Amino acid sequence: MEQDEPGTPGGGRPSVPARVRRYGAGAVRARDLVRSWVRRSPGTHIWLLVIGVTSLVVAAASEGLETFLLHRTSSNIHELSKHPLQSLLISGFWIETPSSFLRYVVLFEVIHANVERWAGTWRWLFTVGVAHVAATLISQEVLLVAIEHHAAPRAMRHVVDIGVSYGLAAAAGLLSYRIPRPWRWGWLVALVLFFAVPLATGGTFTDVGHAIAAAVGLACGPLVRGRPTWDGTAPARAVRALRAGRAE
């Protein structure tokens, strides 16, 4: 038997307009939370928007045009020697497989947006930018040495080297300082294992780049010194805000 909802005249269920107002208030609060999240992490979402556009371009391109775009926007040895600044900048706005875009959306929201909101846009951007440049240049130098010593084919000078993973690795490193102790040590162990194991088992030049980027993120700790660690009550406050909207 259906129970009457308390708080209504005569103990009956609230009217349809009342229920619409309640759910409408909850929807408005959810919208405001989303807007606040985006406003406080503008760099993350502008970057994500650009990647979404370039992913659509790659997905719609013919096979020949796709190959040209991916190689032309790569920060490989060939492009770095011809267009160093252009290739370093542009390569950070493309991903090789457009179907993986949704995965990057999740990673950006979980890692980049959290770091940007906490550290501030300029600290976050400095960390990610330095890591991207350092990881790209050092990993390509490692590859060049391997080619010169005949440990890698010369065709690797034109290898596709694009993507946003170096920036993600750096942000993950910087995020360590937001996690309170003792949970921080578990996060650090996970980072070390995630980036060091591929290197120890014969990793590629991109594995070298990821390890360098994560190290840059950790080295940028002084930028966030004094910033508060994670407030575990924030998600609960957000849920309470939504419930309050429904209860009005």
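Since the structure is predicted, the reported quantities are computational estimates derived from the model, not experimental observations. Worth knowing before you read on, the calculation uses all heavy atoms, side chains too, and leaves out hydrogens, waters and symmetry mates.
V133 forms part of a hydrophobic cluster together with L80, L88, L137, judged by ILVMFWY side-chain heavy-atom separations under 4.5 Å.
Scored by the side chain to side chain contact (heavy atoms under 4.5 Å, CB included) test, P198 finds D207 as partners (sequence neighbours excluded). Residues passing the side chain to side chain contact (heavy atoms under 4.5 Å, CB included) test with T127, sequence neighbours excluded: A170, L174, C220, L223. By the side chain to side chain donor-acceptor pair (under 3.5 Å) test, S74 is found to be paired with no residue, residues two or more places apart in sequence or in another chain being considered. Taking the salt bridge (charged side-chain N to carboxylate O under 4.0 Å, His left out) definition, one finds that R72 meets it with E79, sequence neighbours left out. Scored by the side chain to side chain contact (heavy atoms under 4.5 Å, CB included) test, A190 finds no partners at all (sequence neighbours excluded). With sequence neighbours excluded, the residues satisfying side chain to side chain contact (heavy atoms under 4.5 Å, CB included) with L144 are I77, E141, E148, R157. Annotation: side chain to side chain donor-acceptor pair (under 3.5 Å) contacts of S41 (sequence neighbours excluded): H45.
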Trace of the side chain to side chain contact (heavy atoms under 4.5 Å, CB included) decision for S91 with D161: CA-CA 7 Å; S91 63; D161 183 25; over 6 Å; no
Stepwise side chain to side chain contact (heavy atoms under 4.5 Å, CB included) check, V160 with N76: CA-CA 7 Å; V160 173; N76 53 36; over 6 Å; no
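The ring-ring contact (aromatic ring centres under 6.0 Å, His included) pairs that include a residue from residues 129-167 are H78-H158, Y166-H210, where partners are two or more places apart or lie in different chains. Among residues at least two apart or in separate chains, ring-ring contact (aromatic ring centres under 6.0 Å, His included) pairs with a member in residues 98-120 are W47-F108, W47-H112, F108-H112, H112-W124. For residues 175-195, there are no ring-ring contact (aromatic ring centres under 6.0 Å, His included) pairs, not counting sequence neighbours.
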In a table with atom names and distances, give each donor-acceptor pair under 3.5 Å that connects a side chain of residues 49-69 to protein atoms at least two apart or in another chain.
unit_1, atom_1, unit_2, atom_2, d
T54, OG1, V50, O, 3.3
T54, OG1, I51, O, 3.0
T54, OG1, F93, O, 2.7
S55, OG, I51, O, 2.7
S62, OG, L65, N, 3.3
T67, OG1, E63, O, 3.0

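At least one donor-acceptor pair under 3.5 Å links the side chain of R123 to the backbone N or O of A119. Of the possible donor and acceptor atoms, none in the side chain of E96 sits under 3.5 Å from a partner among the backbone N and O of G163.
In this structure, a donor-acceptor pair under 3.5 Å is present between the side chains of T204 and T206.
Taken to the nearest 0.5 Å, the OG atom of S75 stands 13.0 Å off from the NE2 atom of H83. To the nearest 0.5 angstrom, I111 atom CD1 is 10.5 Å from T44 atom OG1. Rounded to the nearest 0.5 angstrom, T121 OG1 and I46 CD1 are separated by 8.5 Å. One distance of note links CD1 of I162 with OG1 of T73; it measures 4.5 Å at 0.5 Å rounding.
Here the closest heavy-atom approach between residue P153 and residue I147 is recorded as O-CG1, 3.7 Å. Shown here for S176 and L188, the closest heavy-atom pair between the two residues is OG-CD2, 3.5 Å.
There is no path of hydrophobic side-chain contacts, each under 4.5 Å, that joins L143 to V208. V142 and V197 end up in different hydrophobic clusters when Ile, Leu, Val, Met, Phe, Trp and Tyr side chains are linked at under 4.5 Å. Under the 4.5 Å side-chain contact rule for hydrophobic residues, V224 and V110 share a cluster. If you chain together hydrophobic residues whose side chains sit under 4.5 Å apart, V189 and L175 never meet in one group. No chain of hydrophobic side-chain contacts below 4.5 Å, direct or via other Ile, Leu, Val, Met, Phe, Trp or Tyr residues, connects V159 to I138.
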